[in-house]
Participant: 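To start, I am sharing the structure in question, which I have written as structure tokens.
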2 protein chains.
Amino acid sequence: MERVPTIDTPPSRTRRAARPTQEPARPVRPPTVDTVAERAGVSRQTVSNVLNAPERVLPATRQRVQAVIDELGYRPNRLGSALQSRVTRTFGYRCHLSEDEENLLLDRFLHDLCRAAAARNHYIVLVSPPTADDELSIYHDMYRTGSVDGFVLSGTFPGDARLGTLRGWGVPVVSFGRDWDHPDAGGWVDIDGATGIAEAVEHFWSRGHRAIAWLGGASGGAGEDRRSGYRSATRTHGLAPVEIECAHSIEAAAEAAGHALDGPQPPTAFVCATDVLAVGCARAAAARHLDIGGDVGIIGFDDTRLALATSPPLSSIRQPTEHVAELLIDALIGAVAGTPPPSAMLAPRLVHRGSS
Amino acid sequence: MERVPTIDTPPSRTRRAARPTQEPARPVRPPTVDTVAERAGVSRQTVSNVLNAPERVLPATRQRVQAVIDELGYRPNRLGSALQSRVTRTFGYRCHLSEDEENLLLDRFLHDLCRAAAARNHYIVLVSPPTADDELSIYHDMYRTGSVDGFVLSGTFPGDARLGTLRGWGVPVVSFGRDWDHPDAGGWVDIDGATGIAEAVEHFWSRGHRAIAWLGGASGGAGEDRRSGYRSATRTHGLAPVEIECAHSIEAAAEAAGHALDGPQPPTAFVCATDVLAVGCARAAAARHLDIGGDVGIIGFDDTRLALATSPPLSSIRQPTEHVAELLIDALIGAVAGTPPPSAMLAPRLVHRGSS
DNA sequence: CTGAAAGCGCTTACAG
DNA sequence: CTGAAAGCGCTTACAG
């Protein structure tokens with residue numbers, strides 16, 4: 001049994017802090033259920049019950065056991081617990097693959113996800129597949145090795161096979177981004193981009209703008225969704241839609257917007273599918289010595305740090321990522337427990353700054 | 001034994017994908033060491049040996065066992081393995097606490113860390129303490145519950161107690177950022193900011209600038225380190241140092257830089273402690289209709305996405321975060337195995353863009 | 001309400 | 001080189 005009493009033991013798992021003097025650190029084990037049980041004079045599973053089903057334990061017993069737990073600073077080993085209960089309280093999330101894919105919105109989302117998980121006593125473990133093609137097989141592997149209980153996906157797109165494949169395998173999964181091919185399915189949270197963009201057009205209209213252009217380039221469903229908001233809003237006001245498309249980069253946007261500004265009927269306002277494009281648009285305007293916010297209005301999408309870097313800072317449509325993260329974690333916890341996860345469409349919010 | 005043969009089993013852990021027809025999914029367990037052992041006609045630990053110490057197994061046996069492993073698609077359960085071997089192959093990393101703390105450099109570092117870990121068959125689990133004061137106790141808890149083997153810290157500062165405390169507890173830990181109070185200690189990787197900044201001053205000098213200002217505001221050791229590079233470089237060239245200090249925000253930097261530009265001896269070049277400050281500087285210059293890169297030079301630090309958002313984009317001093325991450329993960333893996341982790345000081349690189 | 005037993009899946013000494 | 005045993009720390013039915 002050789003069990004060392006570990007009162008006021010430091011958090012050591014295999015070795016302990018040397019005392020003030022420089023004695024060599026001795027490996028020592030933290031207390032286990034058995035340590036607690038022995039000391040409290042109860043059986044091992046009464047300790048487990050105190051922790052996991054306190055209502056089953058007589059108050060007096062519970063209190064006695066709890067006192068020992070506190071005294072020993074006992075914390076149940078996560079591995080032992082997970083192995084037996086088959087629940088790790090850990091979810092996997094894939095971060096972007098390369099710097100090219102860098103996405104400030106998703107970085108913010110990741111932090112929100114992490115906080116939401118922590119608040120619910122769960123962890124997020126990062127997944128980094130070598131290439132996009134490896135993603136599903138890595139999920140497969142992580143799930144079957146018992147490393148996680150499920151996954152949070154982001155950046156879904158039409159034709160995205162990930163949700164369907166994982167669900168087909170019985171793996172709990174939710175996504176930031178709707179299930180484009182099965183919008184009625186559960187388990188996703190997304191932002192109503194069309195409404196957000198329509199609001200931006202509305203804003204420019206109310207400020208007297210009549211040449212409001214769309215600057216798009218975000219591929220996939222989200223881009224289309226946002227663009228549809230532009231179309232419906234311009235239709236509402238009888239405006240002729242001017243849709244500018246370009247690759248999704250600051251440079252491409254600067255060139256495309258510049259081209260429009262140099263044309264015969266230059267737009268007085270740009271509604272952009274992302275902040276990246278909006279920054280490009282701002283660069284084109286600056287290069288032409290236009291007064292951003294005066295001569296030309298610009299509104300971006302995502303409200304990332306990028307929107308604060310231009311002069312003046314850019315108005316942008318903000319996605320409530322914190323709320324998204326909370327809903328998603330709740331849904332995923334539910335899914336692991338067997339409850340079909342709900343879906344939700346959230347409204348974005350136009351943040352006004354100098355550019356509009 | 002009721003063990004279901006699981007050839008061509010999908011990655012299910014508790015339930016399996018229904019066949020094409022809509023049969024209700026039946027819970028099924030993936031194969032274990034025992035499944036493999038039974039089928040290969042060997043004992044359980046020969047299977048384990050094939051996986052963990054193949055040199056101990058006769059080639060013929062090894063091959064036979066391996067064939068069964070492949071056939072069954074067997075993957076050892078991480079939990080069982082970790083519980084027994086006391087190694088989780090997982091490291092904890094704290095992401096920033098709030099949006100105010102948002103730091104694009106560290107977001108990039110996190111991704112590099114994640115990739116470096118994955119390449120070495122390890123995972124990164126995110127830690128999100130409610131407040132900064134909870135950080136150490138959460139590390140404590142994660143370590144002793146067997147959730148991780150160690151931690152990667154970032155953003156160390158003089159007086160930072162985290163490294164010392166964790167090491168005192170016997171917890172393996174490394175940091176992105178030197179151990180300011182014990183620079184000779186191992187386990188950190190940092191960037192030589194002083195040299196990077198000196199290079200920036202050098203660059204401006206060679207371009208004919210003689211009024212080169214320092215714009216600082218990053219608190220802590222890194223800010224001091226960088227500033228010392230400014231001081232030594234200006235001393236080398238007999239320039240009068242002009243040190244502007246402000247809070248670490250775009251607005252504060254814009255105001256401070258603007259004040260200098262409006263003064264009697266406006267700087268013709270700004271060397272900035274971070275991209276955030278450089279962006280503020282660019283804003284001040286733009287507001288005064290100065291030609292950035294012509295009338296006034298600006299160099300930032302960190303080479304974050306922010307540097308690309310201004311017009312023109314900003315030259316910036318890039319930290320080799322990918323290399324940092326690799327060194328750190330290697331050092332931490334070593335530390336877990338008992339090897340004292342080395343430290344390293346890496347050189348940054350000046351990335352030239354339109355602003356200088 | 002409490003306890004003795006079985007077992008989650010794995011690896012680590014130790015015999016043979 | 002291979003195997004029987006013990007055990008990592010925990011929880012889940014099941015008796016009492």
Side-chain angles (χ1 to χ4, degrees), chain A residues 1-3 6 13-14 27-38 40-66 69 72 74-89 141 143-147 149, chain B residues 1-3 6 13-14 27-38 40-66 69 72 74-89 141 143-147 149:
Chain A
M1 276 306 250
E2 205 229 25
R3 206 147 257 147
T6 42
R13 195 175 60 189
T14 54
V28 82
R29 295 270 169 77
T32 71
V33 258
D34 287 311
T35 326
V36 175
E38 198 176 308
V42 296
S43 79
R44 189 202 269 169
Q45 64 279 30
T46 296
V47 176
S48 181
N49 282 338
V50 168
L51 257 25
N52 303 310
E55 72 282 0
R56 288 194 197 159
V57 182
L58 222 53
T61 317
R62 191 194 310 165
Q63 206 169 325
R64 185 156 41 95
V65 172
Q66 189 61 54
I69 288 176
L72 259 38
Y74 168 71
R75 299 296 335 265
N77 181 297
R78 210 182 155 79
L79 263 17
S81 164
L83 183 58
Q84 175 61 288
S85 67
R86 313 195 74 74
V87 171
T88 61
R89 300 206 324 270
D141 197 68
Y143 186 70
R144 74 159 3 188
T145 58
S147 305
D149 297 334
Chain B
M1 279 303 252
E2 205 229 26
R3 205 147 257 145
T6 42
R13 197 175 58 188
T14 54
V28 83
R29 296 270 170 76
T32 71
V33 256
D34 287 312
T35 326
V36 176
E38 199 175 308
V42 297
S43 79
R44 190 203 267 168
Q45 63 279 28
T46 295
V47 176
S48 182
N49 282 338
V50 168
L51 257 25
N52 303 309
E55 72 282 0
R56 287 194 198 159
V57 182
L58 221 54
T61 317
R62 191 194 310 165
Q63 206 169 328
R64 185 155 42 94
V65 172
Q66 188 61 53
I69 288 176
L72 258 39
Y74 168 71
R75 298 295 336 263
N77 181 297
R78 209 181 156 80
L79 264 16
S81 163
L83 184 58
Q84 175 60 287
S85 67
R86 313 193 76 73
V87 171
T88 62
R89 300 208 323 270
D141 198 69
Y143 186 70
R144 74 159 2 189
T145 58
S147 305
D149 297 335

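Letters A, B, ... mirror the listed sequences (proteins, then strands); counts begin at 1.
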Participant: Can you tell me how far the OG atom of A:S85 sits from the CG atom of A:N52, to the nearest 0.5 Å?
Facilitator: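 That separation rounds to 8.5 Å.
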
Participant: Apply side-chain hydrogen bond (donor to acceptor under 3.5 Å, both in side chains) to A:Q66 and list each qualifying residue two or more places apart in sequence or on a separate chain.
Facilitator: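 Testing A:Q66 for side-chain hydrogen bond (donor to acceptor under 3.5 Å, both in side chains), a comparison that skips the adjacent residues, returns A:D70.
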
Participant: Between protein and nucleic acid, restricted to nucleotides 12-16 of chain C and to nitrogen or oxygen atoms under 3.5 Å apart, what atom pairs and distances do you find?
Facilitator:
none

Participant: B:L83 has a side chain; which of D:dT11, C:dG3, D:dC8 sits nearest to it?
Facilitator: D:dC8

Participant: Can you tell me how far apart CD1 (A:I69) and OG1 (A:T35) are? Round to the nearest 0.5 Å.
Facilitator: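 Interatomic distance, A:I69 CD1 to A:T35 OG1, rounded to 0.5 Å: 11.0 Å.
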
Participant: Nearest nucleotide by nearest heavy atom, which residue falls closer to the 5' end of DNA chain D, B:G80 or B:L58?
Facilitator: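 Per heavy-atom nearest nucleotide, the more 5' residue is B:L58.
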
Participant: Measure the spacing between CG of B:L83 and CD of A:Q84 and express it to the nearest 0.5 Å.
Facilitator: 11.0 Å

Participant: CZ of B:R144 versus P of D:dC8: gap in Å, rounded?
Facilitator: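 Going from B:R144 (CZ) to D:dC8 (P), I get 17 Å.
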
Participant: Could you state the atom-to-atom distance from CD of A:E38 to C1' of C:dG3 in whole Å?
Facilitator: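 Rounded to the whole Å, the gap is 16 Å.
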
Participant: Starting at atom CZ of A:R44, determine the distance to atom P of D:dC8, rounded to an integer number of angstrom.
Facilitator: 10 Å

Participant: Using the salt bridge (charged side-chain N to carboxylate O under 4.0 Å, His left out) rule, collect all pairs that involve residues 42-55 of chain A, keeping only residues at least two apart or in two chains.
Facilitator: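 Residue pairs passing salt bridge (charged side-chain N to carboxylate O under 4.0 Å, His left out), neighbours aside: A:D34-A:R44.
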
Participant: Map every base of DNA chain C to its dot-bracket character, where paired means a Watson-Crick or G-U wobble contact with both distances under 3.5 Å and | marks a partner outside the strand.
Facilitator: |||.||||||||.|||

Participant: Measure the CZ-CG distance between B:R86 and B:D149 for me, rounded to the nearest 0.5 Å.
Facilitator: 11.0 Å

Participant: Rounded to the Å, how far apart are A:R62 CZ and C:dC1 C1'?
Facilitator: 11 Å

Participant: Compile the donor-acceptor pairs under 3.5 Å between side chains in residues 56-65 of chain B and protein atoms, sequence neighbours left out, one pair per line.
Facilitator:
unit_1 : atom_1 : unit_2 : atom_2 : d
B:R62  : NE     : B:P54  : O      : 3.4
B:R62  : NH2    : B:P54  : O      : 3.3
B:R62  : NH2    : B:V57  : O      : 3.3
B:R64  : NH1    : B:A40  : O      : 2.5

Participant: Whole angstroms only, please: what is the CD-P distance between A:Q63 and C:dC1?
Facilitator: 16 Å

Participant: Closest approach to the side chain of B:T32, judged atom by atom: which nucleotide of D:dT2, D:dG9, C:dG9 is it?
Facilitator: C:dG9

Participant: Separation of B:R64 atom CZ from D:dT2 atom C1', in whole Å?
Facilitator: 11 Å

Participant: Give a yes/no answer on whether the side chain of B:T46 brings an N or O atom under 4.0 Å of OP1 or OP2 in D:dC1.
Facilitator: no

Participant: Let me know the distance between CZ of A:R86 and C1' of D:dT11, rounded to the nearest Å.
Facilitator: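 Taking atom C1' of D:dT11 as the reference, CZ of A:R86 is at 12 Å.
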
Participant: Under the side-chain hydrogen bond (donor to acceptor under 3.5 Å, both in side chains) rule, collect the residues that match up with A:Q45, sequence neighbours excluded.
Facilitator: A:S43

Participant: Mind checking the OG1-CG spacing from A:T88 to A:L79? Nearest 0.5 Å is all I need.
Facilitator: 10.5 Å

Participant: Once you round it to whole Å, what is the distance between P of C:dC10 and CG of A:N77?
Facilitator: 17 Å

